Amino acid sequence: MRMSRLFLRTLRDDPSDAEVDSHRLLVRAGYIRKVAAGIYSWLPLGHRVLRRVEQIVREEMDAAGAQELLLPIIQPLELWQRTGRDKAYGPLMFKLTDRKETGFALAPTAEEVITATVAGEYGSYRDLPVNLYQFGWKYRDELRPRFGLLRSREFLMKDAYSFDADIEGLKVSYKQMYDAYHRVFERCGLSFRPVEAQAGEIGGDVNHEFMAVAAVGEDDFVWCRNCDYAANVEAAVRAAPAPTAVGDGPQPDAMAPEHTPDLPGIKGVAEFLSVEPGQMLKCIAFDVDGEMGLALVPGDREVNPYALNRALAGRKVRLWDDADFDAHPDVPKGYIGPHFPGATVRVADPVVAVYTGDGWVTGANTVDHHVRHALFGRDFEVDSFADLVTVVTGDPCPRCGAPLSVDRGIEVGHTFQLGTKYSVALGAEYTDEKGAQHPMVMGCYGIGVSRVVAAVVEEHHDDSGLTWPAALAPFAVHLLSLPGKGEAAPEVRAAADRLYDELRAAGVEVLYDDRDQSPGVKFADADLLGMPTQLVLGAKGLARGVVERKDRGSGERDEVALDAVVGVISGS
RNA sequence: CGGGGAGUGGCGCAGUGGUAGCGCACCUGCUUUGGGGGCAGGCGGUCGGGGGUUCAAAUCCCCCCUCCCCGACCA
């Protein structure tokens, strides 16, 4: 492509509304333009990158045995009502009506359509398994679109759906997708981890989010650098310390009340009483089926609500908020102790039972008072122990014991074992060998194709601009001609034209800067646009029969003989 | 939706009641040519929209819209 003809305008200044590097650079380099909040146009260079990611995903999906199809973006609302998800999504869906007032939605995802489609075609165990996928624009009216392509209202998603006869089949289909995802993100040049995620309302046993490690990511996730353990913060656990029995060692003094005026916070009390926050016992009130419960954790830790829910499986658990405290003026917020008489359920982190020699500093159940020397087994009891705390960096890995890390990540893909929720609701059933009817067992698998582009930029850029991995670059080579105005100018121009033609004839995709611009402009644009290899042909080089080559990523330069460069670049 | 901020030419910005400006980009000419050169000339803006105050509004008042940030939310 000749740059003189390319639809491109680079910006010298950063766009004022871009907060993150991927957004800033993709706009500045002329890859995308904003049309509305969270809605972008993909200009020619950006479009080529998007198509590259798409093609990588397509190849891996096909290799994994999935079949590509294309589902509609406009979907009848009636279909969503049959699964109840019109309400679950609510205002997140873009809705519209046709001239007959029939309701439609712009696809936020496609479980309903694909399940209805399969239900209409297949009905025998002989048909299964089948895995279908598409690349489709998805629409979600996010409360707050932000970070450019990272959280947009319109985005390109690869969504795949597997249909199996039973759970065992689903697990096979799931593994194929899981492995394919690894290959996709490796080929895209991302540093990523699949993390075990909290099973959401969709249900299903296994659920992975593929997180690209990035400081601007919106999700925290926990992972072990020593083994393969990785998990969403909500689902993450740590190796729990073993409780030691009461009475190991000398008993501390009896509980001693201390006056701690106007100090409802852990930090203030710890300073006031000259103890570490970790020596304090935090008692968090929650509601469980209308009863009051207490979650007991060390003062320097946070209660993980999801872990609390797991600990009380089967019961409805909700942490108290301000309204609950307002409704119970007898409960001394900020001064609750583990022995608070109003609580009927007590769940403690295992650390609470560990003998500390001096007991815990905790609330005295009276406003403005705390106590010292609260001892588990003597001064208070609990109903059960559970791993309740939110994991932090340095906690021991539950599998190998090595220190865990908590990092930010961008969710570039997810895989779900769905089960039969959609097949039951939409009648996707099959007849088995004996003539009995069963709902198909489904999985769904998404990759945010446009989000991958942004995630790759977050990982592959520098101060000067983009530094594309070869697999995603719009062009493999950026050829710059520097003819100058000297006598050699026509020769340089002709030699660059010839090189451009020869490279293309050899199958190399090349962006050719044939513009009548100063060298500085061409260099700056080449670095900004970020093709992996730059070839510079100027008068001096031509006189010596060489082209200068620069590797954009490393910045390394060398010279290649003009008559050898096509072979070197094309690898032939 | 709550809180904060901003809408002035394609991009970045200045302009607090009195003739709409600057840099970049774009066009013309000259000059320069290995890291966003210089000189000269030029095109381009109902100052987000509507209403109001005033002799006079980008500027003050009211309403609305859009965009950005923090939060809540998020398969």
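Owing to the predicted nature of the structure, the values given are computational and were not obtained by experimental measurement. Naming: A, B, ... by sequence-line order, numbering from 1 per chain.
- Base pairing analysis places B:G12 opposite B:C22; the two distances defining the Watson-Crick or G-U wobble pair are each below 3.5 Å.
- A gap of 14 Å separates the P atoms of B:G21 and B:U46, to the nearest Å.
- Here the separation of B:C13 from B:C68, taken at their P atoms, is 15 Å to the nearest Å.
- Residue-environment remark: CD1 (A:I74) stays at or below the threshold of 12 foreign heavy atoms within 6.0 Å.
- Taking 4.0 angstrom as the limit, A:S518 places none of its side-chain polar atoms (N or O) nearer than this to OP1 or OP2 of B:U33.
- The CG atom of A:L480 sits 19 Å away from the P atom of B:U33 (whole-angstrom rounding).
- Going from the C1' atom of B:A25 to that of B:G45 covers 16 Å, rounded to whole Å.
- The nearest whole Å value for the distance from the NZ atom in A:K550 to the P atom in B:G34 is 16 Å.
- Atom C1' of B:C69 sits at a distance of 46 Å from the matching atom of B:U31, rounded to the whole Å.
- Using a 4.0 Å cut-off between charged nitrogen and carboxylate oxygen, A:E218 and A:R146 count as a salt-bridge pair.
- Closest approach to the A:P15 side chain among B:U33, B:G12, B:G36 is made by B:G12 (side chain taken as heavy atoms from C-beta onward).
- Here A:E548 lies in heavy-atom contact (under 4.0 Å) with a base.
- The base of B:G12 is not paired with the side chain of A:D14 by any donor and acceptor separated by under 3.5 Å.
- Straight-line distance between the P atoms of B:G44 and B:C62: roughly 36 Å, to the nearest whole Å.
- Residue A:R144 places at least one side-chain N or O under 4.0 Å from the OP1 or OP2 atom of B:C70.
- For the pair A:P519 and A:G448, nearest-nucleotide mapping onto RNA chain B gives the more 5' position to A:P519.
- Between A:R146 and the phosphate of B:G71, there is a side-chain N or O to OP1/OP2 separation shorter than 4.0 Å.
- A cation-pi geometry, defined here as NZ or CZ lying under 6.0 Å from the six-membered ring centre and within 45° of its normal, does not hold between A:R153 and A:F94.
- A:Y89 places its OH atom 12 Å from the P atom of B:C74, with the value rounded to the nearest Å.
- When distances run from any side-chain atom of A:A37 to the nucleotides B:U33, B:G34, B:C67, the shortest one goes to B:C67.
- At whole-Å resolution of the value, CG in A:L25 and P in B:C11 are 18 Å apart.
- Closest contact between the side chain of A:T10 and the listed nucleotides B:G36, B:G34, B:C69 involves B:G36.
- Classification of A:R408 and A:D220 as a salt-bridged pair holds, one side-chain N sitting under 4.0 Å from a carboxylate O.
- Rounding to whole angstrom units, CG of residue A:D525 and P of B:G34 are separated by 17 Å.
- Side-chain atoms of A:Q517 stay outside donor-acceptor range of the base of B:G36, with no qualifying N/O pair under 3.5 Å.
- Atom CD of A:E19 and atom P of B:A6 are 16 Å apart (whole Å).
- Judged by Watson-Crick or G-U wobble contacts below 3.5 Å, the nucleotide B:G29 has B:C39 as its partner.
- Across the strands present, B:A6 finds its partner in B:U66; the criterion is a Watson-Crick or G-U wobble pair with both atom distances under 3.5 angstrom.
- If you check B:G17 for Watson-Crick or wobble pairing at under 3.5 angstrom, you find it has no partner at all.
- Among the atoms of the strands shown, only primed sugar atoms or phosphate atoms (P, OP1, OP2) are found under 4.0 Å from some heavy atom of A:R9.
- Of the P atoms belonging to B:U53 and B:G15, the separation is 29 Å, rounded to the nearest Å.
- Pair assignment for B:C74: none, as no Watson-Crick or G-U wobble contacts are both less than 3.5 Å.
- Checked options A:Y445, A:Y181, A:Y174; the residue passing with A:T415 is A:Y174 (criterion: side-chain hydrogen bond (donor to acceptor under 3.5 Å, both in side chains)).
- Figure legend. B:C60 is base-paired to B:G52; pairs are counted as Watson-Crick or G-U wobble with both atom distances under 3.5 Å.
- Between A:R552 and A:D462 there is a salt bridge, since at least one side-chain N of the basic residue sits less than 4.0 Å from a carboxylate O of the acidic one.
- Heavy atoms of A:K34 sit under 4.0 angstrom from primed sugar atoms or phosphate atoms, though from no base atom.
- Spacing between atom CD of A:E487 and atom C1' of B:U32 amounts to 17 Å, rounded to whole angstrom units.
- Counting any heavy atom pair closer than 4.0 Å across all strands shown, A:V27 reaches no nucleic acid atom.
- Between the P atom of B:C13 and the CG atom of A:L11 lies a distance of 12 Å, rounded to the nearest Å.
- A distance below 6.0 Å separates the ring centres of A:F185 and A:F210.
- Rounded to whole Å, the C1' atom of B:C43 lies 24 Å from the corresponding atom of B:G48.
- Note that CG of A:D527 and CG of A:D463 are 11.0 Å apart. Values are rounded to the nearest 0.5 Å.
- The minimum heavy-atom distance between A:V477 and A:M531, with the atom names listed, is C-CB, 4.4 Å.
- Along RNA chain B, the nucleotide closest to A:D13 and the one closest to A:P145 are compared, and the more 5′ of them pairs with A:D13.
- The side chain of A:R153 approaches B:C67 more closely than any other nucleotide in the set B:G23, B:C67, B:C70.
- Judged by Watson-Crick or G-U wobble contacts below 3.5 Å, the nucleotide B:U46 has no partner.
- Contacts of A:R557 with the nucleic acid, taken as non-hydrogen atoms under 4.0 Å apart, include base atoms.
- B:A58 and B:U19 have their C1' atoms separated by 14 Å, given to the nearest Å.
- In this structure, A:D527 reaches the bases: a heavy-atom distance under 4.0 Å links it to at least one base atom across the strands shown.
- OP1 or OP2 of B:C13 lies within a sub-4.0 Å distance of a side-chain N or O belonging to A:S16.
- A:K138 comes within contact range of no nucleotide atom at all, as no heavy-atom separation falls under 4.0 Å.
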